[in-house]
*Asks:* 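I am attaching a structure below and will ask some questions about it afterwards.
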Amino acid sequence: MSDALGLYNYWIAIFLMMVGFYNVIASGNLVKKLIGLSIFQTSVFLLYITMGKVKDGTAPILGDGYDTFSNPLPHVLILTAIVVGIATTAVGLALVIRIQEHFGTIEEDELIAQEDSP
Amino acid sequence: MIHVVDMTLLAFLAIVAIAVTRMTNLFATSVLTGVYSLLMACIFTVLDAVDVAFTEAAVGAGISTVLFLATLSLTTQREKPQRSPNWKALCVALLTGGALVYGTFDMPHFGDPQAPVHQHVGPHYIGVSPTQIGVPNMVTSVLASYRGYDTLGETAVIFTACMAVLLLLQHEKRRDEQSTVEEKPDKEAMAHAMILRVQSKFFIPLILLFGLYVQFHGDFGPGGGFQAGVIFAAGIILYSLVNGLDKARQIIPPNVLHGLVAFGLLLYAGTGLASLFMDGNFLQYRALAEEATHGEHIGILLIELGVGITVATVMTSMFFSFSGRRRS
Amino acid sequence: MSSHLPIVPIVLPMIAAPLCSLLRRPALIWPLTTGVGWLVFAACAALLMQVVESGPIVYTMANWDAPIGIEYRIDLLNAYILVLVSGIAAVVLLYAPQSAASELPQDRHHLFCAAFLLCLTGLLGITITGDAFNVYVFLEISSLASYALISVSRDPRALKAAYKYLIMGTIGATFILIAVGLMYMMTGTLNMADLAQRVKMVEDTRTILMAFAFLSIGIMLKIALFPMHAWLPNAYSYAPSLVTAFIAATSTKVSLYVFLRFVFTIFGAEYAFDTLGFNDVLLPLALLGIVVASAVAIYQTDLKRLLAYSSVAQIGYIVLGISMGTVTGLTAGLAHMFNHALMKGALFLAVGCIVLRLHSSRLEDMAGLGKRMPITSFAFVLGGLGLIGVPLTAGFISKWYLLLGTLELGWWPVTVLLLISSLLAVAYVWRFVEVAYFQPPPAEASSDEAPLSMQIPLWMLLATTLYFGLQTDVTAGLAQRAALWLLGGGQ
Amino acid sequence: MDLIVYYASWALLSCGAFLCAVGGLGILRLPDFYSRQHAAGITDTLGSAFVLIGLMLQSGFSLNAAKLVMILIFLILTSPVATHAIAQAARQSGLEPKVVAEEDEA
């Protein structure tokens with residue numbers, strides 16, 4: 001039971017990751033895949049931020065009356081990761097636009113069908 | 001209390017994530033992804049990661065939603081419905097998730113102050129950074145100084161993304177440009193939307209002002225180059241949504257924009273190199289001035305500026321590239 | 001200033017990239033890019049010499065000591081990979097202007113150069129750093145740049161290939177991110193040397209086990225180890241030739257380096273191989289990869305795709321060497337990383353020359369190529385002999401060590417399989433020989449060699465492979481020292 | 001005095017929460033796009049205004065209160081315009097409001 005209270009945050013983070021991951025693999029639509037990817041990544045951020053939290057801590061900004069701070073390092077790592085995430089998403093979307101322009105569709109099965117037919 | 005808030009928000013997240021999976025309307029899913037990011041930002045706030053929350057809200061709910069919607073307007077708004085869940089993918093996801101859950105059982109518990117994370121390295125940042133760097137916001141200290149090299153890498157990532165997007169979307173633009181200007185300058189510009197225009201006139205300066213505040217206040221509170229850059233970009237994007245892309249391009253010509261994109265990264269790397277010439281290691285801002293903390297201040301100011309400029313211009317130029325592309 | 005040498009290979013291209021995007025004029029940017037490439041190569045070579053002479057180099061960023069800040073930690077293994085990557089980049093850049101002029105749209109050369117330099121920055125940055133999270137950041141720089149480089153091709157199918165690579169690469173990178181997070185959670189540090197000590201204390205936890213699993217899967221995706229290679233063939237076949245040559249020679253090698261670094265330095269060979277029995281996973285994957293991919297390569301109708309499948313097979317050889325867990329095996333793996341990079345680089349450069357003249361990489365268009373482009377065809381055959389592992393080529397050396405390794409362990413079936421796979425390699429190289437030398441050229445074809453500026457880099461790489469086929473001190477010797485180092489814990 | 005402020009703020013917060021809930025229900029239950037917008041408007045303006053004023057009472061006379069006032073001003077200025085813009089976009093893309101059947105015939 002104490003496990004459940006101490007770990008539920010991780011479990012939900014993992015659940016969310018897997019929902020995103022499922023979307024990446026299962027979806028046939030190229031935009032939807034990227035949406036899944038961005039959910040997957042965002043959920044990994046939650047894993048990191050959760051581990052940085054200290055009980056009764058506060059945001060790691062020096063201020064009067066606070067002496068317990070959460071760990072700033074995971075925050076810094078995730079700031080970096082968020083930027084990496086948006087960069088990947090942007091490049092992916094740019095590719096999707098070009099694919100649409102050239103092949104007229106962004107559904108994976110139709111793209112494969114095109115490859116086979118001519 | 002924190003557990004209740006946390007759990008409620010997490011439940012919302014789970015619901016949104018499932019809704020995203022089930023919906024086939026891509027427009028709605030994109031917006032829901034924005035909602036997801038916003039909820040995530042709320043959780044980050046609850047978990048004390050205010051800087052991260054700020055960035056997630058600005059990037060995840062703001063810019064990335066804009067980019068998704070811009071893409072959808074060029075492609076399609078509906079996903080082909082799938083008949084049944086993809087069992088293979090479901091198995092893979094369940095397996096991966098199961099493995100991770102298995103891995104959690106030896107993890108330190110949520111909020112445990114005895115966790116290794118809070119015992120090694122971490123306490124140093126909390127204990128020493130305010131005096132060593134002289135900046136109250138420890139996230140800024142770690143971001144800009146202790147792990148400044150990571151942040152340089154991150155700026156390079158953003159720059160790379162900009163190069164990639166331009167490589168993909170910029171070409172042929174010159175030919176298109178004239179034709180689009182003649183064809184439909186008004187339709188997209190929402191020029192008829194008087195109320196919007198009047199209000200945006202009032203708001204855009206405020207947004208830019210807020211961006212500056214976030215940029216320079218990052219040492220003392222949540223904020224810094226990234227957040228400021230994104231906010232600045234949001235202001236410009238709002239302008240171009242209301243007044244049309246061409247007007248926005250007149251105000252910030254692509255040449256200037258691309259120059260600034262490069263300038264930001266150069267400023268960051270240049271600050272790093274400057275400390276070499278002052279007998280320090282790369283990125284050792286302490287060497288920039290007589291007094292160590294003074295040097296840190298100068299260094300952090302400069303590199304945050306570099307980050308801010310790069311992020312703002314990259315986001316803007318990405319938006320221009322995305323929306324400058326018309327469906328053929 | 002010489003003490004700041006370690007940052008040169010990273011910072012120089014990182015600064016040159018924005019300059020390239022500003023300069024815009026091809027007449028300016030190509031010399032700049034090439035110059036930067038060679039300077040970086042010189043710096044890496046100097047670093048390698050320094051490491052060989054006086055042991056590992058540590059450079060702390062901003063002078064913050066290791067676990068607090070980020071440090072570079074250059075030992076024999078890094079330095080070896082640094083020289084490999086920067087050397088290939090330098091040679092490919094000599095070749096690039098001509099090839100790019102014919103395969104890329106004129107108005108995007110400056111962006112292309114910037115992306116190329118960033119890709120180089122990323123690859124070198126991954127290799128040189130001593131910080132686990134920093135690996136992720138630079139991994140993304142190099143990956144994003146390579147998606148862009150692949151997609152600029154004139155062939156629109158490159159877009160699909162790049163998209164697929166983006167999805168699989170990002171999944172891989174995110175898995176690595178999860179693994180780094182789990183390791184950080186259990187140890188409280190991100191510095192590799194520090195991690196190596198602290199992981200030992202918690203290595204029996206399930207969390208570390210999962211960190212290891214996610215890390216391996218994430219990196220395997222990036223390496224394109226057999227069942228996870230789906231992104232590779234299309235990406236290599238549709239990308240512009242010089243991009244293929246560069247990425248095929250370097251990108252998977254750097255991922256392999258990350259794999260070695262994490263498995264041997266951080267987790268330790270003992271944990272990975274003895275406690276977990278990780279080699280029982282690697283060995284079958286490597287063998288399957290070698291056989292299946294070689295067999296698939298034989299049936300390809302496109303020369304680039306043929307070479308791409310051959311790459312998957314060669315990665316199998318390298319992983320096979322690693323999975324032995326012995327000094328000989330590891331030496332073979334490391335030497336093959338080096339040799340394969342040179343050979344594949346040369347082969348793809350040769351294909352680039354062919355594509356320049358024929359505007360096609362399909363085998364059926366290459367009838368009588370031996371007469372039309374005798375020098376290039378000969379170069380291709382020489383490279384192909386290296387792939388097969390014919391004596392006097394570099395490929396022979398690494399295959400020899402592989403065989404020795406299997407014999408040492410008494411893995412007879414594997415030895416036999418290796419010999420069979422060499423026959424398969426003969427078969428796919430023969431595909432080219434047959435078309436080029438035994439079919440008459442089409443009537444209207446004229447003989448037309450590729451320009452000298454492309455021939456010279458091609459022959460530079462080929463000459464190196466031949467040189468290292470005779471002179472084994474540098475490759476195998478260094479590889480052996482690095483292997484001993486890794487198995488000894490690599491502190 | 002403190003107690004009064006405390007209870008007042010809680011009353012305002014609960015009111016705001018209730019209105020937000022009603023707005024959410026409305027978005028789910030109302031028949032067409034334009035009427036749903038109407039429901040969303042409740043959440044946007046009155047609901048959030050109540051919540052913000054409640055929070056202001058909680059925070060007392062401080063910098064935080066000033067920030068909350070600013071948020072309120074921005075909300076009041078932006079959300080009607082956003083609603084207007086969305087409605088107009090819907091109208092322009094050809095979405096007709098649902099009208100009752102008898103009016104339809106007339």
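Only a predicted model underlies this, so the values are computations on that prediction, with no experimental measurement involved. Each chain gets a letter, A, B and so on, in the order the sequences are listed, and its residues count up from 1.
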*Asks:* Pick one of side chain, backbone, both or neither for B/Met315, based on which atoms fall under 4.5 Å of a heavy atom in chain A.
*Replies:* side chain
*Asks:* When you compare the side chain of B/Phe44 with that of A/Leu46, does any pair of heavy atoms fall below 4.5 Å?
*Replies:* yes
*Asks:* Please state whether the side chain, the backbone, both or neither of B/Pro222 comes within less than 4.5 Å of a heavy atom of chain A.
*Replies:* both
*Asks:* How about A/Leu16 and B/Tyr36: do any of their side-chain heavy atoms sit closer than 4.5 Å?
*Replies:*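 Yes, close enough: below the 4.5 Å cut-off.
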*Asks:* Side chain, backbone, both or neither: which part of A/Leu95 has an atom under 4.5 Å from a heavy atom of chain B?
*Replies:*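 Backbone plus side chain of A/Leu95, per the 4.5 Å heavy-atom cut-off to chain B.
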*Asks:* Determine whether A/Leu79 and B/Thr151 make a side-chain contact, defined as any pair of heavy atoms from C-beta on separated by less than 4.5 Å.
*Replies:*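 No, their side chains stay 4.5 Å or more apart.
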*Asks:* Side chains of B/Met318 and A/Leu93, heavy atoms from C-beta outward: is any pair under 4.5 Å?
*Replies:* no
*Asks:* Indicate yes or no: at least one non-hydrogen side-chain atom of A/Val83 is less than 4.5 angstrom from one of B/Glu154.
*Replies:* yes
*Asks:* Side chains of A/Leu77 and B/Asp150: closer than 4.5 Å at any heavy-atom pair?
*Replies:* yes
*Asks:* Need one label for A/Thr88: side chain, backbone, both or neither, based on atoms under 4.5 Å from any heavy atom in chain B.
*Replies:* neither
*Asks:* Can you tell which part of B/Ser321 gets under 4.5 Å to a heavy atom of chain A, answering side chain, backbone, both or neither?
*Replies:*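 Looking at B/Ser321, nothing touches chain A.
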*Asks:* Taking the side chain as every heavy atom from C-beta outward, state whether A/Ile35 and B/Ser30 have any pair of such atoms under 4.5 Å apart.
*Replies:* yes
